[in-house]
Amino acid sequence: MKQKEGRRNERKPVCRFGPDGREAKMADYRRYARIRYFCRCLGGGGLRTAYRGAGFDDPTSESSYADELLAGPLGRHVSDVVVLYESESAAVDDPAFADPVQQALSKLPRDGVVRLDSYWSTRDESFVSGDRHATYASIQLKSNDDRVRVEEYKAIKEHLNVAGLTVRFGGLTPMTEQVNAQIGRDIARAEMLSMPLLVLLLVFIFRSAVAAALPLILGIVVAVGSLAALRAVTYFTEISTFVINVVTILGLGLAIDYALFMVNRFREELAAGIPVDEAVERTMATAGRTVAFSGLTVGVSLACLLVFPSRSLVSMGFGGVLTVLFAVVGSMTVLPVMLRFAGERVNSLRVPLPGFGGGKSGAGVQSETRGRWYRAAHAMMRRPMLSTAGIVLLLVALGLPFLGVNWARPGDWVLPVGADARAVTNIMGQKFKSDPAKIVTGVIEAPGAADSAEYQAALQSYMKRLSAVEGVTGAKVTGTNGQLARLTLNYKFDPMSREAVHMVQELRAQEPPAGSKAYFTGMLASRVDIVDMVISRCPGWRCSSLSFPLSLCSLRSAPSSCR
């Protein structure tokens, strides 16, 4: 009986709802959470929750300092959201138009809204289009953070729709939300199209499914590993969300590029009758050396992005360097293992394709003394001066359009023509007197109280000079706090035009009241600061000076390194 009881006790499961059971259940949960977190990091999901927006702005610039001042008690005074209401038949004054719009605006949740202006709240005719069949509402959101404002906009968007009217959403915050959504769709579409084409291209090049699979496997390993390493970087610095896509594309591209060198060299060695182990050694000594120095050179060049203060460019630098390192390390470690494992089977699963290819020993490798690349190289060498002149002329012709480049930052112009934010900008320019989103904000640091009568008189004189700048359509003082005053300036130029850049430069050139300092911000001013940052810190000479020693070590020749 005791033995039977012992066996029954042994078979009795541990209760998971007692003290011991709860502890075991929590241990299982912790293990599951660790596995899930690791998988999310590998897949880039961890990065999606660790980013801080796009990060295009220069944190050391005048516009960024002005934003810091506006984030304090002085506050912002802008139109984050422009809601455009249109009707083909009804006018703004008709009850069929006015009543539902006023009802929607009156019921709008005010948790994330600081200011809401419309034609009915201001009776300002500038809110109505010339044909009186369209009007807009201007909304300022509460948060000072771009990412939070996008969430606040999403929370109120559905409340602003009105049945029977065409409703479009413009302004900086909806534009940011629409650009992010468009980028996500474009990247997903690009990946869906590029991966099948990439597989077909590799099969076409190698004529073997096994050989074609090796670069693809290495590319996936490098991309996933780079994302995991980048996730670790987010514990020490802020990373832009755009770097995730760069890491994925760059990782696949570099890994496949390096693998093409090495797999092709390995097949050539096998075709020459070299044993597998020795073929791997020779591949590493030749193509492997080329890959290593190439990767180091590319990594040093990308590291030059770290000299910029912009979070987006620094993130590109971190992501690029990590990706190149993983591509080189993967090519030096993972790929040789796969080559040794594949061995003679690297030419298995042959894909018979006509024309391009052939080769000896069934490897699909062409002889070094025939083929189109051989003929092209010797044709160039027979006429070196003519070939060089032709290539230089072609490169110059391709680079001529760059002389007229107009530097800009992402805006509604990157969206499709029918996108809401872009359509609102076009309609506001065609049918309305002014666009509330075209605003430059000035912050004045006064030597004393900014609201004193004496200083206000000096400030008005300064405002007249600002209003006289070409492109400015209006200027007014919209707030004071202590020694700070906030100016709001409307303008008419396209914010991505050279005229708009010149306007900002003229505004900053105006002398503020005695003892004061003036700072200008807004999308237009930040664009000017971003371009100045890139031009002033362009590290091309640093990249060249750092890359030269690596090229010298690789080529063992100063003239070749210079070339």
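Counting from 1, the numbers follow the sequence of the chain as shown.
Sequence neighbours left out, the pairs with a member in residues 330-340 that pass side chain to side chain donor-acceptor pair (under 3.5 Å) are Asp277-Arg340.
Counted within 6.0 Å of CZ on Phe261, heavy atoms from surrounding residues, nucleotides or ligands total 12 or fewer; the atom is thus considered open.
Contact of the Ser61 side chain with the Met533 side chain is not registered, since no non-hydrogen atoms from C-beta on lie closer than 4.5 Å. Residues Val263 and Leu335 are in side-chain contact: their nearest non-hydrogen atoms beyond the backbone lie under 4.5 Å apart. Counting only heavy atoms from C-beta outward, the side chains of Ile274 and Leu270 never approach each other to under 4.5 Å. Side-chain contact between Ile256 and Leu202: present, with at least one pair of heavy atoms (C-beta onward) separated by less than 4.5 Å. By the 4.5 Å heavy-atom criterion applied to side chains, Val222 and Leu254 are not counted as neighbours. For the pair Arg265 and Glu269, the minimum side-chain heavy-atom distance is below 4.5 Å. Taking 4.5 Å as the limit, some side-chain heavy atom of Arg422 sits within range of a side-chain heavy atom of Val417. Between Ser294 and Tyr258, some side-chain heavy-atom pair lies under the 4.5 Å cut-off.
Taken to the nearest 0.5 Å, the CG atom of Asp435 stands 11.0 Å off from the CD1 atom of Ile427. One distance of note links CZ of Arg149 with NZ of Lys154; it measures 14.5 Å at 0.5 Å rounding. Separating the CG atom in Leu260 from the CG atom in Leu214 is a distance of 10.5 Å, to the nearest 0.5 Å. One distance of note links CG of Leu218 with CZ of Phe326; it measures 12.0 Å at 0.5 Å rounding. Distance CG/Leu386 to CE/Met380: 9.5 Å, rounded to 0.5 Å. Residue Met284 holds its CE atom at 11.0 Å from OG1 of Thr290, rounded to the nearest 0.5 Å.
In this structure a side-chain-to-backbone donor-acceptor pair under 3.5 Å is missing from Arg168 to Val424. With Thr521 contributing its side chain and Ser63 its backbone, the two residues share a donor-acceptor pair below 3.5 Å.
Shortest non-hydrogen contact noted between Leu339 and Met262 is CD1-O, 4.5 Å. Of all heavy-atom pairs between Phe266 and Gly343, the closest is CE2-O, 3.8 Å. For Val501 against Leu524, the heavy-atom pair with the smallest separation is N-CD1, 4.5 Å. When all heavy atoms of Arg527 and Pro495 are compared, the pair lying nearest together is NH1-O, 3.0 Å. Nearest heavy atoms, Gln178 versus Phe169: NE2-O, 3.2 Å. Across all non-hydrogen atoms, the minimal contact from Pro174 to Gly170 is CG-O, 3.1 Å.
Under the ring pair (Phe, Tyr, Trp, His ring centres under 6.0 Å) criterion, Phe341 pairs with no residue at all, not counting sequence neighbours. Residues satisfying the side-chain hydrogen bond (donor to acceptor under 3.5 Å, both in side chains) criterion with Thr60, sequence neighbours excluded, are Asp58.
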Does the side chain to side chain donor-acceptor pair (under 3.5 Å) test come out yes or no for Thr173 and Thr176, once each step is laid out?
CA-CA 5 Å; Thr173 300; Thr176 302; 5.9 Å; no

Side chain to side chain donor-acceptor pair (under 3.5 Å) between Asp186 and Gln182: does it pass, once the steps are laid out?
CA-CA 6 Å; Asp186 290 345; Gln182 185 66 40; 3.0 Å; yes

Quick one: do Val167 and Leu84 satisfy side chain to side chain contact (heavy atoms under 4.5 Å, CB included)? Show the steps, please.
CA-CA 6 Å; Val167 184; Leu84 181 65; over 6 Å; no

Apply the test side chain to side chain contact (heavy atoms under 4.5 Å, CB included) to residues Asp80 and Leu172: give CA-CA distance (whole Å), side-chain angles for both, the deciding distance (0.1 Å), then the verdict.
CA-CA 6 Å; Asp80 294 312; Leu172 183 58; 5.6 Å; no

For side chain to side chain contact (heavy atoms under 4.5 Å, CB included), just list the numbers for Ile220 and Ile217, CA-CA rounded to whole Å, side-chain angles, deciding distance to a tenth of an Å, and then say yes or no.
CA-CA 5 Å; Ile220 295 172; Ile217 293 172; 5.9 Å; no

What verdict does the side chain to side chain contact (heavy atoms under 4.5 Å, CB included) test give for Asp67 and Asn144, after you've listed the backbone C-alpha separation in whole Å, the side-chain angles of each residue and the deciding distance to 0.1 Å?
CA-CA 9 Å; Asp67 288 334; Asn144 293 314; over 6 Å; no

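Between Glu151 and Arg147 no salt bridge is recorded (no basic side-chain N to carboxylate O distance below 4.0 Å).
Using modelled atom types and a 3.5 Å distance limit, the side chains of Asp412 and Thr425 yield a donor-acceptor pair.
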